[in-house]
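Every chain is numbered from 1 and lettered A, B, ... according to where its sequence line falls, protein lines coming before strand lines.
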Protein chains: 2
Amino acid sequence: MPKKVDRQKRRTQIADALMRVAAEQGLEAVSLRHVAAEAGVSAGMVQHYFRTKDEMMTFALDVVRERNQIRVTDAVTHLGTAPSPRDLLQTIIGTLLPLDEVTRADGRVTLAFLAYTAVRPPASAALREETEQMVGFIAGLLPCPDPENAAAGLLALMEGLGVYLLGGQYTPEQARGILDTHLDRLFAAAPEHTGGIVSARPA
Amino acid sequence: MPKKVDRQKRRTQIADALMRVAAEQGLEAVSLRHVAAEAGVSAGMVQHYFRTKDEMMTFALDVVRERNQIRVTDAVTHLGTAPSPRDLLQTIIGTLLPLDEVTRADGRVTLAFLAYTAVRPPASAALREETEQMVGFIAGLLPCPDPENAAAGLLALMEGLGVYLLGGQYTPEQARGILDTHLDRLFAAAPEHTGGIVSARPA
DNA sequence: TCAATGGCAATACAGTCGTATCGCATCGGG
DNA sequence: CCCGATGCGATACGACTGTATTGCCATTGA
């Protein structure tokens with residue numbers, strides 16, 4: 001066997017180029033040749049590492065998800081030991097929101113893939129699982145009654161903030177303020193234990 | 001002058017076909033020929049009514065926005081006179097959420113356009129204005145301190161619920177429950193006047 | 001050293017894209 | 001009546017798409 005190259009690494013490089021193109025010009029500008037040019041390689045090479053465009057797309061989608069996961073765990077570990085649930089949530093969500101230009105680029109890619117998977121149901125299975133995990137994790141941090149409900153709501157709020165941040169409807173300061181207020185509400189509902197004084201109807 | 005046709009009507013028909021294509025196969029499947037076929041007209045005719053594809057896209061985008069506006073005002077007027085703010089909000093948001101197959105199709109189109117405008121900043125100006133209006137309107141219905149903040153949060157929550165509904169992460173029942181709980185929190189904060197018992201920090 | 005195999009580039013191909021242009025009806029005002 | 005503007009279909013064109021195929025080069029095991 002001749003030369004051995006790190007196949008996975010090359011594929012990731014190409015996926016990175018794809019994400020750059022998608023972030024700047026949208027997913028419909030993603031073609032083999034564009035991605036190859038952005039990656040600084042030949043079109044034939046892209047074809048060599050991904051037999052089909054769909055394979056490349058799926059791989060890139062996985063990379064995006066993986067990156068987000070890593071971002072979250074990184075943020076959590078950097079937070080030190082035993083942070084308060086409130087700080088933990090604020091950090092995690094702050095990490096996931098497109099608040100600076102770097103995360104905005106990622107956000108645009110994620111949004112593009114969101115629209116992409118919306119018309120390709122099979123591709124969204126992993127997304128569903130990821131959300132489910134996230135809801136479970138966040139629910140464990142919330143002192144509200146029906147923490148699953150509150151967790152899902154918090155996640156939805158985050159997603160919506162992300163969308164509006166990308167669209168320029170909200171400023172980063174606004175988004176942070178909204179998130180703060182919401183967390184205040186969630187944690188004020190039951191400061192000590194899981195039994196609230198508000199919300200007579202649990203669901 | 002010969003034959004006079006209702007230009008606006010024809011354009012709307014074509015835009016409808018575009019939205020059907022976008023809802024089923026995504027925005028990248030939208031081409032003059034596809035749209036023409038879906039509309040049951042010749043490709044030349046589409047070209048006759050929209051000199052460029054971008055013009056067609058922009059028009060369709062406006063139609064989508066307009067439809068949503070109409071849907072809201074319709075729902076509001078059907079609600080009778082002097083509804084409670086809470087019912088009003090529930091109805092409006094319930095109308096905007098992709099809860100059944102019809103509104104899901106619209107949601108997919110909206111999501112596609114969201115990603116579309118995310119990489120075309122000039123096209124999102126109208127979106128910004130629409131959101132601003134909406135925030136102002138909703139803020140007037142909320143009894144919280146800092147109603148603008150709460151309104152923006154509610155809107156973001158709605159958007160996020162929409163995204164997760166489309167992705168299949170949340171079921172319609174879940175989404176309704178989350179919305180309910182959130183409204184409970186917002187209205188429980190100050191049952192009578194604009195001064196809450198929870199949330200010590202207004203912003 | 002040499003055959004062979006994997007890495008990669010180049011090209012070919014059929015199809016679709018957006019746009020421009022032509023051609024022909026059809027109907028209204030002079 | 002008929003001239004010309006308008007509605008609309010058909011076709012042409014160059015650019016670009018994803019995929020398949022071909023062939024060279026470098027490296028490596030025998």
Please list, pair by pair, any protein nitrogen or oxygen found under 3.5 Å from a nitrogen or oxygen in nucleotides 22-25 of chain C.
none

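- Among residues two or more places apart in sequence or in another chain, the side chain to side chain donor-acceptor pair (under 3.5 Å) test is passed with B:Thr103 by B:Asp100.
- Legend: salt bridge (Lys or Arg N to Asp or Glu O under 4.0 Å) pairs involving residues 156-171 of chain B, not counting sequence neighbours: none detected.
- One atom, CD1 of B:Ile14, and another, C1' of D:dG7, lie 12 Å apart when rounded to the nearest Å.
- For the ring-ring contact (aromatic ring centres under 6.0 Å, His included) condition, the pairs that include at least one residue of residues 129-167 of chain A, sequence neighbours left out, are A:Tyr164-A:Tyr170.
- Identified under the ring-ring contact (aromatic ring centres under 6.0 Å, His included) test for residues 35-65 of chain A, with sequence neighbours left out: A:Phe50-A:Phe59.
- If you take OH of A:Tyr49 and C1' of C:dA9, they are 13 Å apart, rounded to a whole angstrom.
- Using a 4.0 Å cut-off on heavy atoms, none of the residues of residues 113-123 of chain B approach DNA chain D.
- The side chain to side chain donor-acceptor pair (under 3.5 Å) search around B:Thr58 returns none, not counting sequence neighbours.
- Residue A:His48 has no polar side-chain atom (N or O) positioned under 4.0 Å from OP1 or OP2 of C:dC8.
- Between A:Arg86 and A:Asp180 there is a salt bridge, since a side-chain N of the basic residue sits under 4.0 Å from a carboxylate O of the acidic one.
- Not counting sequence neighbours, the partners of A:Asp87 by the side chain to side chain donor-acceptor pair (under 3.5 Å) test are A:Ser84.
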Legend entry - Footprint string (nucleotides 14-20 of chain C, 5' to 3'): B base within contact, S backbone only, - free, heavy atoms under 4.0 Å: ---BBBB

Taking distance alone, no hydrogens or angles, what donor-acceptor pairs closer than 3.5 Å link side-chain atoms of residues 18-29 of chain B to residues at least two apart or in another chain?
residue	atom	partner	partner atom	Å
B:Arg20	NH1	B:Glu38	OE2	2.8
B:Glu28	OE2	A:Arg120	NH2	2.7

Can you give the donor-acceptor pairs under 3.5 Å from side chains of residues 61-70 of chain A to other protein atoms, not counting sequence neighbours?
residue	atom	partner	partner atom	Å
A:Asp62	OD1	A:Arg65	NH2	2.4
A:Arg67	NH1	A:Asp16	OD1	3.1
A:Arg67	NH2	A:Asp16	OD1	2.9

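- A:Arg104 is linked by a salt bridge (charged side-chain N to carboxylate O under 4.0 Å, His left out) to A:Glu101, counting only residues two or more places apart in sequence or in another chain.
- The interatomic distance linking A:Arg10 (CZ) with C:dG6 (C1') rounds to 13 Å, in whole Å.
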